[in-house]
Amino acid sequence: MVGVFFLPFVLSAFAPRFKQEENLMLGRAHPPQPRFNWSHLTPLELKNRSVGLGTASTGRGKPHFTLEGHKFLIFGGSIHYFRVPREYWRDRLLKLKACGFNTVTTYVPWNLHEPERGKFDFSGNLDLEAFVLMAAEIGLWVILRPGPYICSEMDLGGLPSWLLRDPRLLLRTTNKGFTEAVEKYFDHLIPRVIPLQYRQGGPVIAVQVENEYGSFNKDKTYMPYLHKALLGRGIVELLLTSDGEKNVLSGHTKGVLAAINLQKVHKNTFSQLREVQRDKPLLVMEYWVGWFDRWGDKHHVKDAKEVERAVSEFIKYEISFNVYMFHGGTNFGFMNGATYFGKHTGVVTSYGKYYDAVLTEAGDYTEKYFKLQKLFESVSATPLPQVPKLTPKAVYPPMRPSLYLPLWDALSYFNEPVRSHQPVNMENLPINNGSGQSYGLVLYEKSICSGGRLCAHAHDMAQVFLDETMIGILNENNKDLHIPELRLLKTEDLGYTLGLGGENQPLSNGLPRLRSATWKPVPESHQGPAFYRGTLKAGPSPKDTFLSLLVILFEKMLSGSDIKSTDKPML
């Protein structure tokens, strides 16, 4: 029996990023900036609303944003509600407000809100409306970025994987299959957004159309189509796009404000943006205060003083901006996806550490936070709110799992396998009401009667087992593997057997069935995938803590070495 245990890092279709040389030369010097007073320009105080976020350009002055006719600068910070436990939304938003920001921006992940075609979820941690209303209660404006593609270093860029089931469908184009799916998604999403808009008394002052389409730019009619789709459903607030500085022209859409994404500022940073809209104010929709991390890469950081200098320049030259990320949070489950720049590489689980954000993944303050707070305080006409206290945390003793269940023993507790004469990619598996499997683990099995070579083009990584014994790895570099002669011939199975682990659900949701299994004491050594159980004693009042798994286990598993008792997972 040959088993292939496949762990895919689904291609996220990320738009490329552009690293800029540092040279802060934005133009001629301006007189000292007066202090800003936003106290009358908050969702709670601004009662009379008619014109929303707009733009103005006087004869001799620079173009600028206005909010209900008052001059306004966007001090934005990104927090993604779906990357933060709902219990901590308020804490993170209060910290954003206390730092001196006046706006929170968030993506809206289509793949999480419609995990199966036609099945929508806006509950719990995906309650977009509750997050937006909470921001308003705290005194923050909101810029929504609903995609449909959002990038965000996320699985398939935030597009649902069931779109891949149709081989004729072309993502991010006006292809009929794609637009029909977008229309149905918008029919569920936009009615939730309508009452949250500024002119309806809500905090949403702007909505972004798609994301970084200028670097993709496969269909000239696609962005105008999305623009029309949003207007036709009742979006009346300012619409904008967001692109890297080299792609502003190709991503520009008539009637939509163009914004720019950047990591560093140099002399010609805004040249294309000014070419597109000379009479409009400048908006940096993503100022990257860090850089993304991938497994196997070094951790990228950005010096707090550099961030402070850049934001100070934005304020000095009246450039609105959004810090990406203010608080990154966590890529829960398998939503982290992967990048492909000539090679598939998995994105790390942490999105806070990943972007070297202003708040840590745990919501703690950083040097960047206090430098930005001090800067904002120096230009604010009113005192900033008090900084919230940190969330209590605890360090618990190390815990070693005592019981384990090998994958092979667990298979009987999952659904019946899918049988096919040819291997099927996970998105096309006939499960989840015809939506396939989005991400996770898949086991491919086939009975054989002799040795030979196993050839497969595994974009990511596949572990290969012969009668439950690991014999090698298939990946981008290793596309075939020698299968040794068998000691015992097996001929009873003629087709492929695909056993599905987890049923496309988070591991915790698949475990109830396994609780009735016969778990075994962890042996001195074990080779191959297995489930492990252990008990962490946190006392009557559990506190936040950090879970750390020994990486040595994964390294030994890949190399085929035995996992010994001294290598047991330690939490």
Side-chain angles (χ1 to χ4, degrees), residues 38-56 65-82 86 89-90 93 96-97 101-110 113-114 120-123 126-148 150 182-211 226-242 253 255-257 259 281 283 285 320 322:
W38 307 132
S39 60
H40 63 297
L41 295 177
T42 66
L44 298 179
E45 298 298 328
L46 203 52
K47 304 300 182 181
N48 299 319
R49 306 183 182 196
S50 59
V51 295
L53 184 68
T55 65
F65 285 107
T66 61
L67 190 61
E68 202 58 45
H70 302 278
K71 189 172 182 179
F72 186 70
L73 278 180
I74 298 169
F75 290 9
S78 288
I79 302 176
H80 299 157
Y81 60 97
F82 50 93
R86 182 169 180 161
W89 284 355
R90 181 174 296 276
L93 291 170
L96 181 74
K97 180 74 173 179
F101 291 87
N102 59 28
T103 303
V104 61
T105 71
T106 183
Y107 283 123
V108 181
W110 182 7
H113 285 297
E114 193 179 2
F120 296 91
D121 185 4
F122 287 88
S123 63
L126 295 175
D127 194 336
L128 168 65
E129 294 148 288
F131 179 80
V132 171
L133 291 174
M134 186 180 293
E137 178 190 340
I138 289 170
L140 294 164
W141 300 109
V142 177
I143 296 179
L144 284 185
R145 313 175 75 185
I150 64 171
V182 170
E183 297 279 348
K184 292 178 180 177
Y185 170 54
F186 277 2
D187 283 344
H188 279 78
L189 171 65
I190 303 305
R192 298 174 182 273
V193 176
I194 297 302
L196 302 175
Q197 294 184 101
Y198 174 88
R199 273 170 269 194
Q200 295 285 337
V204 175
I205 57 174
V207 176
Q208 183 175 304
V209 184
E210 237 263 0
N211 188 58
L226 288 178
H227 182 205
K228 183 178 179 181
L230 292 171
L231 292 176
R233 285 172 172 79
I235 296 296
V236 297
E237 305 305 336
L238 180 74
L239 292 174
L240 57 91
T241 58
S242 180
T253 302
V256 179
L257 180 80
L283 170 60
M285 194 57 205
S320 288
N322 173 58

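Worth saying up front: this structure is predicted, and the values here are computed from it rather than measured.
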List the steps, then state whether side-chain contact (heavy atoms from CB on, under 4.5 Å) holds for I79 with T106.
CA-CA 6 Å; I79 302 176; T106 183; over 6 Å; no

What is the ring orientation for F120 with H188, classed by angle as parallel under 30°, tilted 30 to 60°, or perpendicular over 60°?
parallel

Any side-chain heavy-atom pair from P146 and V193 closer than 4.5 angstrom?
no

I need the L140 CG to L93 CG distance, nearest 0.5 Å.
6.0 Å

Does any N or O in the side chain of E129 come within less than 3.5 Å of the main-chain N or O of P195, such that one atom is a donor and the other an acceptor?
no

Using ring pair (Phe, Tyr, Trp, His ring centres under 6.0 Å) as the criterion, list what pairs up with Y185, not counting sequence neighbours.
W110

Close side-chain approach of S320 and F72, heavy atoms under 4.5 Å
no

May I have the step-by-step check of side-chain contact (heavy atoms from CB on, under 4.5 Å) for E114 and K184, ending in yes or no?
CA-CA 10 Å; E114 193 179 2; K184 292 178 180 177; 5.5 Å; no

Is there a side-chain contact between L46 and L67, using heavy atoms and a 4.5 Å cut-off?
yes

Any sub-3.5 Å donor-acceptor pair from K97's side-chain atoms to I138's backbone N or O?
no

Do T55 and F65 come close enough that some side-chain heavy atom pair is under 4.5 Å?
yes

Let me confirm one number: the CG-CG distance from N322 to L283, rounded to the nearest 0.5 Å.
8.0 Å

Are the side chains of R192 and L128 in contact, using a 4.5 Å heavy-atom criterion?
no

With a 4.5 Å heavy-atom cut-off, do V108 and I150 have their side chains touching?
no

Could you walk me through whether F82 and H80 pass ring-ring contact (aromatic ring centres under 6.0 Å, His included), step by step?
CA-CA 5 Å; F82 50 93; H80 299 157; 5.3 Å; yes

Roughly how far, to the nearest 0.5 Å, is the CG atom of L226 from the OG1 atom of T241?
11.5 Å

Going by salt bridge (Lys or Arg N to Asp or Glu O under 4.0 Å), name the residues that satisfy it together with R49, two or more places apart in sequence or in a different chain.
none

Roughly how far apart are I74 CD1 and L238 CG, rounded to 0.5 Å?
7.5 Å

Taking the side chain as every heavy atom from C-beta outward, state whether V209 and L230 have any atom pair closer than 4.5 Å.
yes

E237 side-chain N/O to R199 backbone N/O, donor-acceptor pair under 3.5 Å:
yes

Less than 4.5 Å apart, any side-chain heavy atom of N48 and any of E68?
no

Mark yes or no for whether W141, through its side chain, and L41, through its backbone, hold a donor-acceptor pair below 3.5 Å.
yes

Determine whether a donor-acceptor pair (N or O, by modelled atom type, separation under 3.5 Å) exists between the side chain of Q208 and the backbone of E210.
yes

Anything under 30° is parallel, anything over 60° is perpendicular, the rest tilted; go ahead and classify H113 against F122.
parallel

Salt-bridge criterion met for R233 and E183 (N-O under 4.0 Å):
yes

Go through the steps to decide whether V132 and Y81 satisfy the test side-chain contact (heavy atoms from CB on, under 4.5 Å), and finish with yes or no.
CA-CA 9 Å; V132 171; Y81 60 97; over 6 Å; no

